[in-house]
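Below is one structure, written out as C-alpha cells, with a few remarks after it.
Remember, it's a predicted structure, so these values are computed and weren't measured experimentally.
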Amino acid sequence: MSASTHGYSVPRFTPERGTWRKLMARDSLLRRLDWVLLLTCLALSAIGAVLVYSATRNRTELNQGDPYYFLVRHALNTGIGLLLAIGTVWLGHRTLRGAVPVLYGLSVILVLAVLTPLGSTINGAHAWIVIGAGFSLQPGEFAKITIILGMAMLLAARVDAGDRLSPDHRTVVQALGLAALPIAIVMLMPDLGSVMVMAVIVLAVLLSSGASNRWIAGLITTAVLGALLIWQLHVLDQYQIDRFAAFANPALDPAGVGYNTNQARIAIGSGGLTGKGLFHGTQTTGQFVPEQQTDFVFTVAGEELGFLGAGLIIVLLGVVLWRACRIARGTTELYGTVVAAGIIAWFAFQSFENIGMTLGIMPVAGLPLPFVSYGGSSMFAVWIGIGLLQSIKVQRPVSA
C-alpha cells in the first residue's frame, strides 16, 4: 500500500513495519544475541525436563501422587531462569558492575543464614534455606556468581581504566580476600561440591585477568595443603569422607557408601549404544539409583537413550562452552573477559564433575548437571550466567 503526495508514490509507514525494522536492525539487541548459545541452553533444559519426568513419574513418595509434579516444576524453574537471563541482559553486566558491593553483601548474608536456625539439611547437605510451600533456596549457587563479579570488578578496575596492563599484587590480594569469605562460610556447612567449583572459578578468574603465575602456583599449593589439613582435622562430615573412600575403592561397601556410584554405572552401562528406550529403563523404573532427578540425572540418559543420547548432552554442553569462549575472546574489556572466563570454568568443571561421578571417575560431590538436573537455585544461577554472557556479547561494539 502507498499514498500519493504531489504525484509521487511514497511507502505507507506503519508502526508494525517500523517496529520490525528496529528489531531486525544490525545493531538491535535481537540481532546481537548469541542465538546458538541460547537455543542450546533451551535444548538442554528441554532434555532435562524429559529425563526428570522419566526419573520421577513413578516415585509416588516424592511426586505426591502426581506423575507430572517434577516435570511442571522443572519447566517453571526453566521459565523463571530464562526471565532472570532476560533481566540480566536488560540491566547489562556493566550496570551490575556498579551493584557488585550490594549483590556481594546480600550473597554473604544469605550464605551465613544457612548456618543459623533458618538453614536446613537436604539430601545430607546443610546448604539450604526452606522458604515454604515446597520451595527452598541454596545460597551457595548464587555465591558463585557474586565471586565472579566481585573478583572481576577488582581485578579489571585499573586495567580497564588504562592505568595498568595487569592487576598488581595488592589488587590480587583484595580479590582473593573477597572470594575467601563466602568460600569459608560454605566450607563450614560443609558443602564440599560448591567449594570445589568456587576454587576452580577463582583460578580461572586469576588466569584470565593476567595476574602473575606465581599466584596461580601459590593457590594450587595452598589448596593441596588445605585439603590435607581439612582431612586431618576432620572438618568434613562422615558421609563426605565415606564418598571419597568409596571413590578410592569402588568395591568398598557396595550396598552402603558405594551404592549410588555402583547403581549409576550399572544404569549407564546397560544402555548400550541406543539405550533401552525412553521410559523403559529398568534401573530408572525400578528406582535403584538415588537422587536420579538431581545429581544423577545423567544416568537416565545413559540407560534410556544410550551412548548416543548421553553423548548428545555432552556435545550440547560443549557447544555452550564453545560459544562462551567466543564471547570471552570477542570482548575488548578485561572485566567482560574475566566474567566470561569465570562462567566458563564454573560450567565446565560442574559438568565434568557431575558426569564423572556417575561414571565413577570422580568422587560424588552433590553437584547438579547445568540446565539438565532438577533444582530451582541451580537453574536460576546458570541462566543468570547465560544472561551475563549474552550481555557481554551485545554490549561490545557492533563491528566486533
Side-chain angles (χ1 to χ4, degrees), residues 19 22-24 28-53 68-100 102-104 106-107 109-110 128-149 293-294 297 316-317 319-320 323-324 327 336 339-340 342-344 346-347 350-351 368-395:
T19 301
K22 289 180 180 180
L23 290 176
M24 299 308 296
S28 69
L29 177 63
L30 287 181
R31 286 284 297 273
R32 298 174 71 180
L33 286 174
D34 190 325
W35 284 98
V36 174
L37 175 62
L38 178 60
L39 294 176
T40 302
C41 294
L42 287 173
L44 282 168
S45 293
I47 292 171
V50 176
L51 299 180
V52 167
Y53 172 67
Y68 299 102
Y69 177 80
F70 283 94
L71 174 63
V72 171
R73 291 168 72 92
H74 184 87
L76 178 61
N77 290 337
T78 301
I80 295 174
L82 186 58
L83 290 176
L84 290 172
I86 293 172
T88 302
V89 176
W90 179 73
L91 286 172
H93 68 290
R94 292 170 184 162
T95 301
L96 290 174
R97 183 176 188 170
V100 164
V102 175
L103 296 175
Y104 178 81
L106 289 174
S107 175
I109 291 173
L110 286 174
W128 303 81
I129 298 175
V130 176
I131 300 174
F135 293 95
S136 56
L137 184 70
Q138 189 176 11
E141 291 293 334
F142 303 101
K144 298 170 187 175
I145 300 172
T146 53
I147 287 175
I148 293 172
L149 292 175
Q293 74 277 15
T294 54
V297 71
L316 291 175
L317 288 168
V319 171
V320 171
R323 302 305 294 186
I327 291 172
V339 170
I343 295 171
I344 292 167
W346 165 21
F347 288 2
Q350 192 158 313
S351 298
L369 187 59
F371 305 102
V372 182
S373 292
Y374 173 79
S377 297
S378 173
M379 186 69 77
F380 301 160
V382 294
W383 274 106
I384 291 173
I386 294 300
L388 287 169
L389 290 173
Q390 294 284 10
S391 173
I392 295 168
K393 169 74 165 53
V394 302
Q395 291 193 23

- request: Report yes if some heavy atom in the side chain of Ile47 is under 4.5 Å from a heavy atom in the side chain of Leu316; otherwise report no.
  value: yes
field: Val89 to Gly387 - nearest heavy-atom pair and separation
entry: CG2-O, 3.5 Å
- request: State the CD1-NZ distance between Ile384 and Lys144, to the nearest 0.5 angstrom.
  value: 12.0 Å
- prompt: Arg94 versus Ser391: any side-chain heavy-atom pair under 4.5 Å?
  reply: no
- request: Please identify each residue that fulfils ring-ring contact (aromatic ring centres under 6.0 Å, His included) with Phe70, with sequence neighbours left out.
  value: Tyr374
query: Say you draw a straight line from CG of Leu51 to CD of Gln293; how long is it, rounded to the nearest 0.5 Å?
result: 12.0 Å
task: Determine whether Trp346 and Ile148 make a side-chain contact, defined as any pair of heavy atoms from C-beta on separated by less than 4.5 Å.
output: yes
message: I want to check something: taking the side chain as every heavy atom from C-beta on, are Ser45 and Met379 in contact at a cut-off of under 4.5 Å?
response: yes
- line: The side-chain hydrogen bond (donor to acceptor under 3.5 Å, both in side chains) partners of Ser107 (sequence neighbours excluded) come to Thr146
Pairing residues for Ser378 by the side-chain hydrogen bond (donor to acceptor under 3.5 Å, both in side chains) criterion, not counting sequence neighbours: none
query: Excluding sequence neighbours, so at least two apart, what forms side chain to side chain contact (heavy atoms under 4.5 Å, CB included) with Ser351?
result: Leu317, Leu369, Pro370
- line: With sequence neighbours left out, the residues meeting side chain to side chain contact (heavy atoms under 4.5 Å, CB included) with Leu37 are Asp34, Cys41, Val320, Arg323, Ile327, Ile386, Leu389, Gln390
message: Side chains of Ser377 and Leu137, heavy atoms from C-beta outward: is any pair under 4.5 Å?
response: yes
message: Can you list everything that forms a ring-ring contact (aromatic ring centres under 6.0 Å, His included) with Phe347? Sequence neighbours excluded, please.
response: Phe371
- prompt: Closest approach of Leu388 and His93, non-hydrogen atoms and distance?
  reply: CD2-CB, 4.1 Å
message: When you compare the side chain of Leu30 with that of Trp35, does any pair of heavy atoms fall below 4.5 Å?
response: yes
message: Tell me every residue that passes side chain to side chain contact (heavy atoms under 4.5 Å, CB included) with Leu42, counting only those two or more places apart in sequence or in another chain.
response: Leu38, Leu39, Leu82, Trp383
- prompt: Are Ile80 and Phe380 close enough that some pair of their side-chain heavy atoms sits under 4.5 Å apart?
  reply: yes
task: Give every residue pair that meets the salt bridge (Lys or Arg N to Asp or Glu O under 4.0 Å) criterion with at least one member in residues 40-49, sequence neighbours excluded.
output: none
- request: Apply ring-ring contact (aromatic ring centres under 6.0 Å, His included) to His74 and list each qualifying residue two or more places apart in sequence or on a separate chain.
  value: none
message: Quick check: closest heavy atoms across Val297 and Ser373, and the distance to 0.1 Å?
response: CG1-OG, 3.4 Å
Pair listing, salt bridge (Lys or Arg N to Asp or Glu O under 4.0 Å) test, anchored in residues 373-387, at least two apart: none
